[in-house]
Amino acid sequence: MPQEQATRYPIVLVPGLLGFVKLVVYPYWFGIVPALRRGGAQVIPVMVSAVNSTEIRGEQLLARVQEILEQTGAAKVNLIGHSQGALTIRYVAGVRPDLVASVTSIAGPNHGSELADYLEEHFPSHTIKGRVVNAAIRVTTLITGALDTGYRGTRLPVDVDAAHHSLTTCGVARFNLRFPQGLPKNWGGEGDEEVAGVRYYSWSGTLQTGRTDRGKNLFDSSNLTCRIFARTFTKERGQSDGMVGRFSSHLGKVIGDDYPLDHFDIVNQHFGLVGKGADPVRLFLEHAARLKAAGL
């Protein structure tokens, strides 16, 4: 049996905002976990607060990582985080680098999200519009939490305002002062690939190149949502996945930043209905092989 993805250390998958492990039968990492396991990898999708600050989520993840190390006997883990999950895993690597072999950011807002900035400006929490948005997020979190058959732990705390502030440009800038590991020194560049014994990687997608739409699928409603959200971007207009800007996603070794994938399709959500020429599962398989080759 092929073992191309049999990494030395377990791979821990961390979801982003409004994340889950499995909604009844639908997994957050659609098709990715079984593909990695077929390649010999030990893969563990975990849950942290679906809506909360990066620091709270980070502390929850740290506790979960310690449990995983105790259960598996491994010395370290390879952390892979999507969206806010990327900030969450950076927190753990920053406070306990001795427990982490690698950090991989998938469409992570490592310099903040212009969408979060737009919502902060136009839907502040003290206004009626802001309260409606916050209420909708809380209801969504309650529903997904009730339907998440992949998580069996106690109910995790929710803080909509803290989550929102953690994703704004200013909020992430404050976070980056404390955890600069792997960040590029120049906008649009790459960061150090190894810091304190931890390897740093990232990849992301873009919806447009010039006037050309990319990654479009008529049956993928999330793609339309991301295209609407992309209109809120000014600094990286035309260079985002709908929620995170192309250069804002950079961390450590940049494997790619312009895959024809929106913010959800990059982790193969919406039942794998991605646009032509895109294969998010392949990106994960190639990365696991990369980690294995690096002795991780």
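- To the nearest 0.5 angstrom, T225 atom OG1 is 8.5 Å from D262 atom CG.
- Taking the six-membered ring for Trp and thresholds of 30 and 60 degrees, Y26 and F271 have ring planes inclined between 30 and 60 degrees apart.
- Between the side chain of Q5 and the main chain of L36, no donor-acceptor pair closer than 3.5 Å is present.
- With V46 as the partner, the side-chain contact (heavy atoms from CB on, under 4.5 Å) test is satisfied by one option alone out of L61, L13, V65, V21: L61.
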**OP:** In sequence, state the C-alpha distance, the side-chain angles, and the governing distance for L18 and I137, and then conclude on side chain to side chain contact (heavy atoms under 4.5 Å, CB included).
**Re:** CA-CA 8 Å; L18 292 173; I137 292 173; 4.1 Å; yes
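- Annotation for G94 and F179: closest pair CA-CD2, 3.7 Å, computed over non-hydrogen atoms.
- A donor-acceptor pair under 3.5 Å is formed between the side chain of S166 and the backbone N or O of T54.
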side-chain hydrogen bond (donor to acceptor under 3.5 Å, both in side chains) for Y91 and E59? Distances and angles first, verdict last. CA-CA 8 Å; Y91 176 93; E59 283 296 316; 2.5 Å; yes
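- With no hydrogens or angles considered, no side-chain donor-acceptor pair links Q42 and T72 at under 3.5 Å.
- Taking a 6.0 Å sphere around CZ of R282, one finds it holds more than 12 heavy atoms contributed by other residues, nucleotides or ligands.
- At most 12 heavy atoms of other shown residues, nucleotides or ligands fall within 6.0 angstrom of atom CD in E70.
- To the nearest 0.5 Å, the span separating CG on L115 from CD1 on I228 amounts to 11.5 Å.
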(Q) Please determine whether side-chain hydrogen bond (donor to acceptor under 3.5 Å, both in side chains) holds for the pair S204 and D257, giving the CA-CA distance in whole Å, both sets of side-chain angles, and the decisive distance to 0.1 Å. (A) CA-CA 5 Å; S204 59; D257 63 4; 5.8 Å; no
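- When ring centroids are compared, F247 and H250 come within the 6.0 Å threshold.
- With contacts defined as side-chain heavy-atom distances shorter than 4.5 Å, the pair K76/V100 does not qualify.
- L17 is not listed as a side-chain neighbour of M243, based on a closest heavy-atom distance of 4.5 Å or more.
- More than 12 heavy atoms of other residues, nucleotides or ligands shown are found within 6.0 angstrom of CZ on R290.
- Remark: R174 CZ to E55 CD distance equals 9.5 Å, nearest 0.5 Å.
- Between S249 and S202 the shortest side-chain heavy-atom distance does not fall below 4.5 Å.
- When side chains are defined from C-beta on, R57 does not count as touching L156, because their heavy atoms never get closer than 4.5 Å.
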Quiz prompt | Chi angles and distances behind the side chain to side chain contact (heavy atoms under 4.5 Å, CB included) call for M47, V14 | solution = CA-CA 7 Å; M47 187 60 190; V14 184; over 6 Å; no
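- Clustering ILVMFWY residues whenever any of their side-chain heavy atoms sit less than 4.5 angstrom apart, transitively, puts I106 in the very cluster that holds V33.
- Between A50 and T141, the shortest heavy-atom distance links the atoms CB-CG2, 4.1 Å.
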Let's go through T234 and E114 carefully: what are the C-alpha distance in whole Å and the side-chain angles of both, what is the deciding distance for side-chain hydrogen bond (donor to acceptor under 3.5 Å, both in side chains) to 0.1 Å, and is it a yes or a no?
CA-CA 8 Å; T234 55; E114 289 190 65; 3.1 Å; yes
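- Of the N and O atoms on the side chains of T168 and D117, not one donor lies less than 3.5 Å from an acceptor on the other residue.
- Taking every heavy atom of both residues into account, V198 and A93 meet most closely at CG1-CB, 4.4 Å.
- Residues P15 and W29 approach most closely at N-CZ2, 3.8 Å, considering heavy atoms.
- A distance-only check finds no donor-acceptor pair linking the side chain of D192 to the backbone of V195 [under 3.5 Å].
- Taking a 6.0 Å sphere around CD1 of I128, one finds it holds 12 or fewer heavy atoms contributed by other residues, nucleotides or ligands.
- The two atoms that bring I266 and G205 nearest to each other are CD1-N, 3.6 Å, heavy atoms only.
- Between atom CG of residue L207 and atom CG of residue N223 there is a gap of 6.0 Å, rounded to the nearest 0.5 Å.
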Audit row: S105, N110, side chain to side chain contact (heavy atoms under 4.5 Å, CB included) steps and yes/no: CA-CA 8 Å; S105 165; N110 294 304; 3.0 Å; yes
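- In this structure, the side chains of I11 and F284 stay at 4.5 Å or more apart for every pair of heavy atoms.
- For K292 (side chain) and Q3 (main-chain N/O), a donor-acceptor pair under 3.5 Å exists by modelled atom type.
- Interatomic distance, L99 CG to L62 CG, rounded to the nearest 0.5 Å: 6.5 Å.
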ask   = Under the side-chain hydrogen bond (donor to acceptor under 3.5 Å, both in side chains) criterion, do H263 and S83 qualify, and how do the steps go?
value = CA-CA 8 Å; H263 194 71; S83 194; 2.9 Å; yes
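- Of the possible polar contacts, one joining the R37 side chain to the V43 backbone as a donor-acceptor pair under 3.5 Å is found.
- Between the side chains of H111 and T169, no donor-acceptor pair is found at a separation under 3.5 Å.
- Other residues, nucleotides and ligands contribute only 12 or fewer heavy atoms inside 6.0 Å of the CG atom of N186.
- Distance alone, capped at 3.5 Å, is enough to place a donor-acceptor pair between the D148 side chain and the K22 backbone.
- Inter-residue side-chain proximity for L167 and L87 is flagged as met; some heavy-atom pair is nearer than 4.5 Å.
- The aromatic rings of F123 and Y118 lie tilted to each other, with the angle between the two planes from 30° to 60°.
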| query | Would V77 and L69 satisfy side chain to side chain contact (heavy atoms under 4.5 Å, CB included), going step by step from the backbone distance to the final call? | reply | CA-CA 8 Å; V77 292; L69 295 179; 3.6 Å; yes
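- Between V95 and R178, some side-chain heavy-atom pair lies under the 4.5 Å cut-off.
- Here the CZ atom belonging to F175 is positioned 15.5 Å from the SG atom belonging to C170, to the nearest 0.5 angstrom.
- A salt bridge links E194 with R199: at least one charged nitrogen is closer than 4.0 Å to a carboxylate oxygen.
- Counting only distance, with no hydrogens or angles, the side chain of E190 and the backbone of V254 share a donor-acceptor pair below 3.5 Å.
- Looking only at distances, a side-chain donor or acceptor of S49 sits under 3.5 Å from a matching main-chain atom of P157.
- Under the 4.5 Å side-chain contact rule for hydrophobic residues, L79 and L283 do not share a cluster.
- Under a 3.5 Å cut-off, the side chain of S113 and the backbone N or O of P109 do not form any donor-acceptor pair.
- Grouping the Ile, Leu, Val, Met, Phe, Trp and Tyr side chains by contacts below 4.5 angstrom, directly or via other members, places W187 apart from L177.
- D159 and N52 are not linked by any side-chain donor-acceptor pair at a separation below 3.5 angstrom, with hydrogens and angles left out of the test.
- Cation-pi check for K253 over W203 is not met; the charged atom does not lie both under 6.0 angstrom from the ring centroid and within 45 degrees of its normal.
- Here the side chains of I80 and I89 are not in contact, with every heavy-atom distance at 4.5 Å or above.
- In terms of heavy atoms, Y9 sits closest to A101 at CD1-CB, 3.4 Å.
- Put simply, the side chain of S240 gets close to the backbone of G242: a donor and an acceptor are under 3.5 Å apart.
- Between F30 and H270, a ring centre-to-centre spacing not shorter than 6.0 Å is recorded.
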